[in-house]
Each structure stands twice: as C-alpha cells, then as structure tokens.
Amino acid sequence: MEKATYKKPKSLAEKEFSYCPGCHHGIIHRLVAEVIDELEIQGKTLMVAPVGCSVFAYEFFDVDGTVAPHGRAPAVATGMKRAMPERMVFTYQGDGDLAAIGTAEIIHAANRGEKITTIFVNNAIYGMTGGQMAPTTLLGMKTTTSPYGRKAETEGFPIHVSELLKETAGIVYLERVSVSSPQEVIKAKAAIKKAFIAQKKGLGFSLVEVLSTCPTNWGLDPVESINWLNENMKKEYPIGVFVDKVGDIK
Amino acid sequence: MAERIMVKGNEAMAEAAVRAGCRLYFGYPITPQSEFTEYMARRMPEVDGVFLQSESEVAAVNMVYGAACTGHRVMTSTSSPGFSLMQEGVSYIAGAMLPAVFVNVVRGGPGLGDIQPAQSDYFQSTKGGGHGDYHLIVLAPGSIQEAVDLMETAFRLADNYRVPVMMLADGMLGQMMEPVVFPEYVKLDGINDHSSWALRGTDGREPHKVTSFDIDPVRLEEMNTETHKVYEEIRSKEIRFETHDLEDADYILVGYGTMGRILGSVVKMARKQGIKVGLFRPISLWPFPYDELKKAAKGKRFCTVVEMSTGQMVEDVRLSVEGALPVHFYGRTGGMVPTPDEVFKELVRLIG
Amino acid sequence: MSEHLLVAAGFGGQGVMLIGQILATAGMFDNKHTTWLPSYGPEMRGGTANCTVVVSDEPIASPITNTPNELIIMNIPSLIKFEKEIQSDGLMVINTSVVDRDTIRDDISIIKVDANAIAEKLGNLKVANMVVLGAYLKKTGAVTLEGVKRALEKKLTGSKATLIDLNIKAIEEGMKSVT
C-alpha cells in the first residue's frame, strides 16, 4: 500500500490561495493548519483575519472566522475568547496591521495575558495597498511612500515588535522565526505549535513573529527575495525565542 | 408589587442590562457615564459575567464585535467622544449584521466639549456616524424607568434583526436618581439562538464566516440590499413614540429623551394659562415616526422642536410635516439645558 | 404645596447631595413621585455643589428648574447664585453658621438655623446637613420622618449603619430649632 507523504491539512479549506508567487503566507497558513490538525482543535477554533494581504485568511481555513477592522484583531479575539473561554482563538496579522495601526491592541492583549494566539507576519512592507512603507521597513529600503529610501531622521526606525512585547508580563510564549529554508520551516511549525499549546493550557498570551518575503513589492523574484530576507531582515530582526514560560511539551 | 428602588440612571441601565441577560460588558471610563462601567465591574462577577476595562473605546467596540460574533448578548456604554472613537467598529458590526447594544450618555460637544447633558449626537446616532450604508436602531428614553424598560427591548431588537441598537441617553438621565421598578431576570432559552450563523467552533459542521466584507461589488451589493430589506422591516414594525394632550391642541411641541420629558412641564404650564399645547415625543429616533408625527401635526397652527443642540432632530420633523405647518426650533447647546420656563417664554413669544 | 421644587446648595463636602438623596428617597417611601438631579463635574470637588429635588403627588415631567420654590443654602456663593431664582412666597432655609449675611429677597419665608453649632453639640460637625434638613422638614412637611428614617437605613449601610441614630437625632434637633 502506498503511503501519502504530502496532503492538504484538514484545517485548510478547498480554496486556491490568492497570494503572489513566492509570498510566504501560503507556507505560514499551511503550518498553522497542520498545527490545528495535530492538536485536534479544528472544531473548536475561531480565527480572526486582519486587514491587509491576509484579509482573505478567514476563507482559507476550515474553521469559524471573521475579519477584524484594521489592527483590531487582538481586541476582536479578546471579545471572542471572553465569550467562549473554552474555545481556541487566534489572530493572523501583518506588520502594518499589528505594528502600526494596531499597536495599542496588541500590547494590551499581551499585557492582559489574554489567552489567545497571534501569528504575526513581518515582511517589512504594506502588500495589499501596493508597497508602501511599514513600521518594520528597513532603513534605506525604498517603498512607494519612502521613494528615496527610509531615513531615520524623517521616517523613524524599524520597530521591533517581539523585543517590545517581551517585556509584557502577560506573554507566555514569544518567538521570531523565518520560513526561508526547510529547516527553518520545521522550527517555525514547532514555535506555532508551542504557541497554541500555551493557549490550550490556559497560560496566557502567545505570539509567533514570522519573517516573510514580499517579492511583488520588494521588486525581486522569489529566490532573490529569500536571499534578501536572509541577508538584511535577519540582521535587523534576529530570530530566536524571546519568552518561553510553557516549558517542555511532549 | 415589585420594590421601588432609588437609583442613578447609569446604574439603573446597567442593572437592567444584566437582567436582560447581558453577561458580556466591555467599556472604557468616561464622564458622565462612568458609574455604568463601575457598576458592571462590581456586578458582572456576581452573575458569572464578563467585565473588561479596555485600553480605549476603539478596543472596547472591537471586543463587542468579537463577542457579538459568538451570538451572546453583549454591550458597551460610553459618552460622546468615546462613541466617536467607536464608529469604525459600529460600522463593522452593522455591516456584519451582529446583535449588540450601545449606550451613549451624551455630553456637550464637539471635540472634548464638556461633561454636561446634551443631545448633539442625534445626527451621529441616526444618520450613520461611521462609514457605509447602515443604520442603528436608536431608542431615546425620557426617564430612568423608561430606560430600564427599554433595555430588554434593545437586546431583543438586536437579536431579532441582527442590528446594533443604541440607547441614546444624556448626562442628565445618567446622573439623576428616581425611583425605579426593575423587571424580572429574562430567561434567554432560545430567544437569542444564533447557532445558525454564530462563530462558536465548527464541531464538525461547515465553518461559519462573519464579515462586513466582500471584494466582489456584485456580491457586496446583494449583501447590502439584504441588510436594507431588514431595515425596511424595522421601519414598518418598530416605530415608537408618545403623545400628550394632542387632541385639542393648537400648538405642538416635539422633543425626545429628557428634553421631551421637560416639555411635559411646559405643556402643564401652558394649559394652566389656557394655551392649548400638546406634546409629541419620539422614542425610536431611528426609525423616526415620520408618518405618525405628520398625522399628529395635522391642523395645528405650528410646531416647535426643542433640543439640547443647535438643531438636529428638527430636520426630521420638517421632513415629517412636509411643509404643512411652520416648524420652529428652540435649543440650548454646550451642556446647557432648556428649563420649562424659558421654553414656555419662547412658546408665548412665538404665539405672539 | 403639592410640588416641592428644592435646590440644596453649598460647598462640596457639606453634604448637600446627601440632603437631596435622603429627601428624594424618603419621598419614594412615602409613595410620592420624586427625582434627584445633581450638579456634577469639577465643581463637585471643592467648589459649590448643588442638587435639585422634586417631590410631588403627580408624575414629574421636568427634573430641572430655574425657578425653585424652596432653597437650602449652606454657603454664601450659593446664596448669591440662587436667591435671585426662588419664586415669590418660596421658602429659604439658611445655615447661619456659615452664611453670615441676609438675603436680598423680602418676598419669601426664611428659616435660619445655626446648624454647625447644633451639630457640634451632638458631637459631629458632619451632621450639620441633617440639622438643616430637619428644619426644612419641620416647615414643609415634604416627607415623613418615617420615610427619612427608611431612607437613612438604605443609604447608611455596613460600617456607616452606626451613624443612623446620630443622623436622626440631628434631624430632630433641626426640627426643634424651628419655632
């Protein structure tokens, strides 16, 4: 009998992703879905999609879901979780959504130790609206709203979300990962799984920041994008575990 | 007979919400409604409910959105500047057709304004406020007892139509005390069964999706058209108003909320002096009782609208009477409340 | 009078809000219609505070008035602010321990109570407000003493319950002070 080595996770819907070639959202979606399958929580999970490229994420997962106003996903998820404390609730947010317009909501959800999980996808640019500067855009990086390259003097510095959040007492799991190589994909999945387990155990707030590419708006092909991410983004945003109060999981 | 209790408006409305089965409250302190938030902080733990003081009104309304997605009775309360901050979420809640109740204890504006009673949020409440084609059902109680009685109605309307409902109060109603009889606790068995659409986890069924969003304009138009069919039904079934001494009246006063109540004293003063004045008090501001007011105003000499604003509801009154009689306006703004005496003087002046 | 339109006014901390609440709550226990409307906001803290109480045999339309028929005046700024507004033939109760001047009005009834002195004799200056309330009740009979007692029991609970007797005593002394 043949053994299936690759199949669609149950928690992903029968829908084609709308993401650009080389974009990492597809990989990250799949990892989240695999984790939901493995933890056997598909039937009890609620998701909150953001505004941005992943606004359609609520359609790509076979779980109950909604779309929050821009940046407000952690507040929407808070309302859901408080109403249904036995359910698993996660938000999926990009860097414009979480680190610009939604800064207050993410900090306070984390600080309250809200028992939800956030998947934070950082590609250093606004994708959906066409390549504008994000709060995470690197210095010198050209975007449609920093056409001469981001300057600290006028546009400020790239914001380090995980470094900021690690100081909030309510956060129990926080890791920055990348999915730019098979090994890193495996590590990223382990991080996402641990974040969901943190919630399942009722320990507090968990977040995984995933460094991601945006070939379309970076003006690079998919392979060049991965190289650029490895050479530049990882310098600005070093990967690693920032908070782990979950301990060993079996 | 049930016990009469002397209670502040803000606290009475909060207790009424608890008795209406609301077990989820998200809010942010703001004068003159803070007693509402404080009451819920004390009361919700007693009934195994949820109280959460959010980091802002923006967060509060989105917590309401999230909780409303699960189909449970949920509310927030605020005052004018706070409700302005909530408009984004209100628009999403209306667009997603979610049941939720808002209380706005209106204060003087615009901007930071002041903390005294006002009615200057009429446009914001009844004509949109946030972006897009939507309405809230807006109820304007004239007394604390009426506010208490309307609270369950507000939740029921929200559940029946899947439309957000606004209780439009003001600083006077929030801060004053009068004796109130509370209703019994509502038994929710089934009356807010939202299992056909609510987000509660699939447990094997097909996933539910709740959004105010469709990228395809053809489908979004269909969605909005469906919503507006619901609004039409509400317009035909949910008009609420009260009248006093209208039958033989030569003149008609129109006011809502506490102003409508104060006008009751003006009617008494005028009648004592032989001036035949009647009162029309809209209770549902959306849907507005256009036809009912038109009928009530028939054959009267003129109509005077009194508001704690520079003139907002007066526009709907003019639409109602369609030019059949003169419509005058008297208002105070910035937190000033027209007293019965000054309104009476204005009435006498207008009669000439 | 079937309708009492009272404004009670004084410094924050003199307990004018409590006068109003006790009166309105007592009215409720007497099965009357009643409202209590506070001035609220910054002036509650340190400045002058006032509340409007309506006690009536009929349902109350307006809880607000700019022509009260009764005043309780606990300080000079309140006297200056409200003496112009009271109706002719109205009643003004003045705490003369604090207000050491006369009103400009000669068309109203005036009751003067040395409330602080009476309260001090009772051992607690804080009940001066109840002394004034007693004087007011003696003159107007707006609500019954029984209603007031029940209102005090509702308002003063827990550790404050021990103060009920003192408050009632203060009201009775206030009543006695009116001859």
Side-chain angles (χ1 to χ4, degrees), chain B residues 1 3-10 31-35 105 107-108 114-117 142-146 170-181 244-245 253 255 258-269 279 281 306 308 332 335-345, chain C residues 2-3 5 7-8 17-45 49-69 82 84-87 143 147-148 150-155 157:
Chain B
M1 190 180 130
E3 193 191 359
R4 290 165 89 210
I5 297 165
M6 195 72 180
V7 62
K8 223 175 200 204
N10 281 329
T31 311
Q33 74 77 48
S34 292
E35 295 87 354
V105 182
R107 64 188 235 185
D114 64 14
I115 57 174
Q116 302 305 319
S143 69
I144 301 178
Q145 185 67 60
E146 189 173 48
D170 63 62
M172 191 163 23
L173 195 77
Q175 292 296 320
M176 68 182 281
M177 291 174 100
E178 60 188 329
V180 164
V181 177
H244 282 297
D245 299 293
L253 288 170
T258 47
M259 198 60 242
R261 170 192 186 144
I262 290 169
L263 292 180
S265 289
V266 181
V267 170
K268 275 190 211 167
M269 290 164 88
L279 171 64
R281 181 170 70 89
V306 186
M308 291 186 254
R332 298 291 300 270
M336 297 300 287
V337 180
T339 61
D341 293 87
E342 68 180 287
V343 177
F344 179 65
K345 271 182 203 147
Chain C
S2 66
E3 188 162 76
L5 294 170
V7 172
M17 296 302 186
L18 188 63
I19 292 176
Q21 284 185 11
I22 295 298
L23 181 60
T25 309
M28 176 185 79
F29 286 127
D30 287 353
N31 285 318
K32 289 177 187 282
H33 296 276
T34 168
T35 60
W36 173 85
L37 176 68
S39 65
Y40 60 90
E43 64 177 13
M44 271 170 68
R45 298 175 176 88
N50 72 78
C51 61
T52 306
V53 176
V54 185
V55 179
S56 175
D57 295 330
E58 287 173 26
I60 297 162
S62 175
I64 184 176
T65 178
N66 56 353
T67 51
N69 57 20
F82 291 107
K84 296 186 288 276
E85 296 187 354
I86 187 169
Q87 296 175 21
V143 298
V148 170
R150 290 178 70 186
L152 282 167
E153 281 161 13
K154 273 274 177 227
K155 189 75 196 170
T157 54

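These values consider heavy atoms only, across backbone and side chains, with no hydrogens, waters or symmetry-generated copies.
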> Between CD1 of B:Ile5 and OG1 of C:Thr25, what distance do you get to the nearest 0.5 Å?
Replying inline: 11.5 Å

> Rounded to the nearest 0.5 Å, how far does CD of C:Glu85 lie from CG of B:Asp341?
Replying inline: 9.5 Å

>> Can you list everything that forms a side-chain hydrogen bond (donor to acceptor under 3.5 Å, both in side chains) with B:Asp114? Sequence neighbours excluded, please.
In response: none

> Looking only at heavy atoms, what is the nearest atom pair of B:Ile262 and C:Pro63, with distance?
Replying inline: CG1-CD, 4.1 Å

> Would B:Met6 and C:Thr34 satisfy side chain to side chain contact (heavy atoms under 4.5 Å, CB included), going step by step from the backbone distance to the final call?
Replying inline: CA-CA 9 Å; B:Met6 195 72 180; C:Thr34 168; 4.2 Å; yes

> Roughly how far, to the nearest 0.5 Å, is the CG atom of C:Asn31 from the CZ atom of B:Arg4?
Replying inline: 6.0 Å

> For C:Gln21, which residues count as a side-chain hydrogen bond (donor to acceptor under 3.5 Å, both in side chains) partner, sequence neighbours excluded?
Replying inline: C:Lys155

>> What's the separation between atom CD1 in C:Ile60 and atom CD in B:Glu178, rounded to the nearest 0.5 Å?
In response: 7.0 Å

> Can you tell me how far the CD1 atom of B:Ile144 sits from the OG1 atom of C:Thr35, to the nearest 0.5 Å?
Replying inline: 9.0 Å

>> I'd like to verify something: which residue of B:Ser143, B:Gly171, B:Gly9 has the highest number of heavy-atom pairs under 4.5 Å with chain C?
In response: B:Gly171

>> Please report the interatomic distance OG(C:Ser62) to NZ(B:Lys268), rounded to the nearest 0.5 Å.
In response: 9.5 Å

